[in-house]
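Shown next, in structure tokens, is the structure this report addresses.
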Amino acid sequence: MTNLDSLNPVQKQAVLSTDGPVMILAGAGSGKTKTLVTRITYLLEDKNVSPHQLLALTFSNKAAREMRERIAHEVTMDVGSLQITTFHAFCAKLLRSEANFLGLSRNFTIYDDGESKAIAKSLLERRGISTKEINPYDILSYIDGLKNNGYYPGRVMVDGGEADPSDEFFGYFEEYESELHRANALDFGGLITAVIQLFEKFPEVLQRYQNRFVYVLVDEYQDTNRAQFDLIRMLCGKRRNICVVGDEDQSIYSWRGADIRNILDFEKIFPDVTVLKLEQNYRSSKTIIEAASCVIERNTMRKGKHMWTDNPEGDAIEIVECFNDKDEAEFIAQETGKLYKAGTPYKEMAVFYRSNAQARQIEDSLRKYKIQYRVVGGVKFYERKEIKDMLSYLRLVINAKDSLAVSRIINVPARGVGATSLRKLEVEAVNNNTSLWDIIEKIGDHTSEFSHIKLSAKIKSSLTEFVTLINELRHLDQNKVKPSIIYEKVLHESGYYAFLKANKDYETLARLENLDELLNAITQFEESAEVPTLSGFLETITLDSNSDFDEGAKPADGEVSLMTVHGAKGLEFTHAFVVGAEENVFPSYRSVDSGEIAMEEERRLFYVAMTRAMIKLYITFAQGRMLFGQVKFNGPSRFIDEIPEKLFTWKKLKGRQEDHFNQSYSGGGNQKSFDPYDQSQDSHYDNEEVVYQIKESYYQPKFPKGAIVVHSLYGQGKVEDSEGSGADEKVSIKFADGARKKFMVKFAPIVMA
DNA sequence: CACCGTTAAGTTTTT
DNA sequence: CTTAACGGTG
């Protein structure tokens, strides 16, 4: 029997109300996941529901993994067939097994946003419209908007969201859809709408799933869009055992299509719903909860909840007024340093900012103070050029119709097939309503209908070579050869590796390293997946791009986390810094005069940020901030005004702090020691001093072979190799821990020991 | 076709 | 200030 003793009365009710529609409004830190896990455990163990009959949908893979692990920990039975998955992964899996209904084949490719954008661009190009006249992004937003509403071509919408065929973008939508169809591909939004379409056109398929899933559960319900809501409604249409869990106050993705009406109107759709509110917070101090509540209660578009906690009063919130953004960053570094000395491990601290651009300044100061940190989010591994190139090869192996992949790699490395030739082939493909691959494969064959296409013999022969390679790879894949072997074959036999190697610059090194990491990822996938197929790998990385495999060894005390407020949702830290709490920054300038709806979302964001903190919350802002090249004086955020005065202390940092640093860190006049505060060593090229320094040392290497040097991040090491001089000087250093790294001297923070 | 200089714009990104 | 993306040139 499942033990419910550790649950509070509402949580208990949330577990026990298994039948009929239930909406759980779970405030921040209210033990939501615990409740969900117990609910599922209860269904499995006490109500004898088979794992096969349960479906739990989440938004992120991380949430799905966490829930699955916790359930596996709780129950004794095998939870292998338990479907705890993301909306997109669920749809992808379903579509692969039912693909034939929609004229897709099961090996369809999933296009990410970047690929969708590439298609939008090519549609414009095809019509001879410059991207200056029409921004491809606008077309995409339009298409995305339709898909978020659950629209697919020809769908009859019940309550709005219908496409208006007279809209100037509607044509693009239709063309985009047929382009994807020709490529045997779906985009993220299309994964959802395709399932809706499947269910509407083939009720017998829907019935199968309705019969199978006796209990359906949706996490982060506030983030669902209309399409996802439609899907849920269909799935649970028969038994109506639907349980949604969300918090309207944490809805921060409306710009991605999340429709807060899904929460606000749930009762209209399911009049017999049981609404439960988890209002007790187990995370934060009374002070933090009260402050956050005061802020969020200004919002009008909410169902209303009142958070409370049994936790202690705690410290006052610290509001810190800084002179400028630089001082703000210095304050963060000093304070995290102080906290650390006082016994708080770095991993318990986090800095939240509204936009990524704010990270840099903070990173700089943390580095200066040698505080361990990590930036969560940021540039994605799989979006790097070399990675996308290699993945395109692999995708083409799986799905021959993937024209986007073909056009990406047909001339990488150079095969003499430039834009013009590619253009010819593309036109031919469109005219014949076939795929690029089809044309390319047949072009060399004199008997084929495409042999008339005028291309030089040289191009034709390199195309044939390309076709042969891909076909060989396909053969390997069909014979269940390990993905890593296929990958290595492409890398080398496509000429890509040699092509990269031919370049000797600094960036190439990083690229080659990234390709190694990709191999690493594939190998790791092979070890962990039940059936390690190439298509499985590709799906994992498009639908779960965060599956970190490059998580290196972390320092024992952890690292201070730096992330956007969006990235912070669902996390908690004992000490949290909300930075840049200024008008036009947080709230963002984009939302400041875009009306109350946008402002309410900013307020929810601020609320999310505040409620991450368990023990102490810092809110900082700068009087003046460098924004778009000039100093702006925005004034403190309106959200600060919304916090009752008795809950915070206001500290105004005195003037510029820099003088302090120069005194304590300038290294006693030793010119050789690396001084991070010394402007002359920063990598600003517009700084005359730097130019001068480089010129002076032009004729001899600054760090000759054998020299003992100190790198500000990696510590002491020995120069193993040195090539070039002046601005082009490159050194290879072996560090104390045995690691070997290469640096461009002009970029690297290295000094002689 | 690759490189460079000019130009314009500048949130957030679970999948 | 930065960065991406376009268009012109060698």
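Chain letters run A, B, ... following the sequence lines, proteins first, then strands; residues in each count from 1.
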Distance, rounded to the nearest Å, where A/Met626 contributes CE and C/dC1 contributes C1': 7 Å
Charged N-O contact under 4.0 Å between A/Lys62 and A/Asp544: no
Rounded distance in Å - CG (A/Asp113) to P (B/dT12): 14 Å
Of the listed nucleotides B/dT11, B/dT14, B/dT12, the one nearest the side chain of A/Arg590: B/dT11
Residues that A/Glu115 engages under salt bridge (charged side-chain N to carboxylate O under 4.0 Å, His left out), provided they are two or more places apart: A/Lys388, A/Arg395
Atom pair distance, as rounded to whole Å: OH in A/Tyr253 and C1' in B/dT12: 7 Å
A/Phe525 and A/Phe537 aromatic ring geometry - parallel, tilted or perpendicular at 30°/60° bounds: perpendicular
Closest listed nucleotide, where the reference is the side chain of A/Phe628 and the choices are B/dT11, B/dT12, B/dG10: B/dG10
A/Asn356 side-chain N/O to B/dT13 phosphate OP1/OP2 under 4.0 Å: yes
Sugar-phosphate, base or nothing in reach of A/Ser591, heavy atoms under 4.0 Å: base
Nucleotide C/dC1, atom C1' - distance to NZ of A/Lys326 in whole Å: 14 Å
Going by atom type alone, with no hydrogens or angles, which donor-acceptor pairs under 3.5 Å involve a side-chain atom of residues 225-234 of chain A and a protein atom two or more places apart or on another chain?
| from | atom 1 | to | atom 2 | distance (Å) |
| --- | --- | --- | --- | --- |
| A/Asn225 | OD1 | A/Ala227 | N | 3.1 |
| A/Asn225 | OD1 | A/Gln228 | N | 2.8 |
| A/Asn225 | ND2 | A/Asn148 | OD1 | 3.2 |
| A/Arg226 | NH1 | A/Asn262 | OD1 | 2.9 |
| A/Gln228 | OE1 | A/Asn225 | N | 2.8 |
| A/Asp230 | OD2 | A/Arg155 | NH1 | 3.1 |
| A/Asp230 | OD2 | A/Arg155 | NH2 | 3.4 |

Presence of A/Thr564 side-chain N/O under 4.0 Å of B/dT11 phosphate oxygens OP1/OP2: no
Closest-nucleotide ordering on DNA chain B, the 5'-leading residue of A/Ser588 and A/Leu543: A/Ser588
A/Ile129 CD1: over 12 foreign heavy atoms closer than 6.0 Å: yes
Protein-nucleotide distance (A/His566, atom NE2; B/dT13, atom P), rounded to Å: 7 Å
Proximity to the side chain of A/Trp255 - top-ranked nucleotide from B/dT13, B/dT14, B/dT11: B/dT13
Sugar-phosphate, base or nothing in reach of A/Asn411, heavy atoms under 4.0 Å: sugar-phosphate
Length of the CG-P vector between A/Asn61 and B/dT14, whole Å: 11 Å
Sugar-phosphate, base or nothing in reach of A/Glu602, heavy atoms under 4.0 Å: base
Short N-O contact, A/Arg511 and A/Glu386, less than 4.0 angstrom: yes
Geometric cation-pi criterion, A/Arg603 with A/Phe639: 6.0 Å, 45°: no
Which pairs, protein N/O on one side and nucleotides 3-10 of chain C N/O on the other, fall under 3.5 Å?
| from | atom 1 | to | atom 2 | distance (Å) |
| --- | --- | --- | --- | --- |
| C/dT3 | OP1 | A/Arg360 | NH2 | 3.1 |
| C/dC6 | OP1 | A/Thr131 | OG1 | 3.3 |

DNA chain B contacts made by residues 82-91 of chain A, counting heavy atoms under 4.0 Å: A/Thr86, A/His88
Nucleotide B/dT12, atom P - distance to CZ of A/Phe606 in whole Å: 18 Å
Sub-4.5 Å side-chain heavy-atom contact between A/Asp187 and A/Ile110: no
Euclidean distance for C1', B/dT14 against C/dT3 (whole angstrom): 26 Å
Atom-pair distance (CD1 on A/Ile541; C1' on B/dT14), nearest Å: 18 Å
A/Asp247: partners by salt bridge (charged side-chain N to carboxylate O under 4.0 Å, His left out), with sequence neighbours left out: A/Lys305
With A/Ser421 via side-chain contact (heavy atoms from CB on, under 4.5 Å) - residues at least two apart: A/Val417, A/Leu455, A/Ile459
Gap in Å between the two C1' atoms, one belonging to C/dA5 and one to B/dT12, rounded: 22 Å
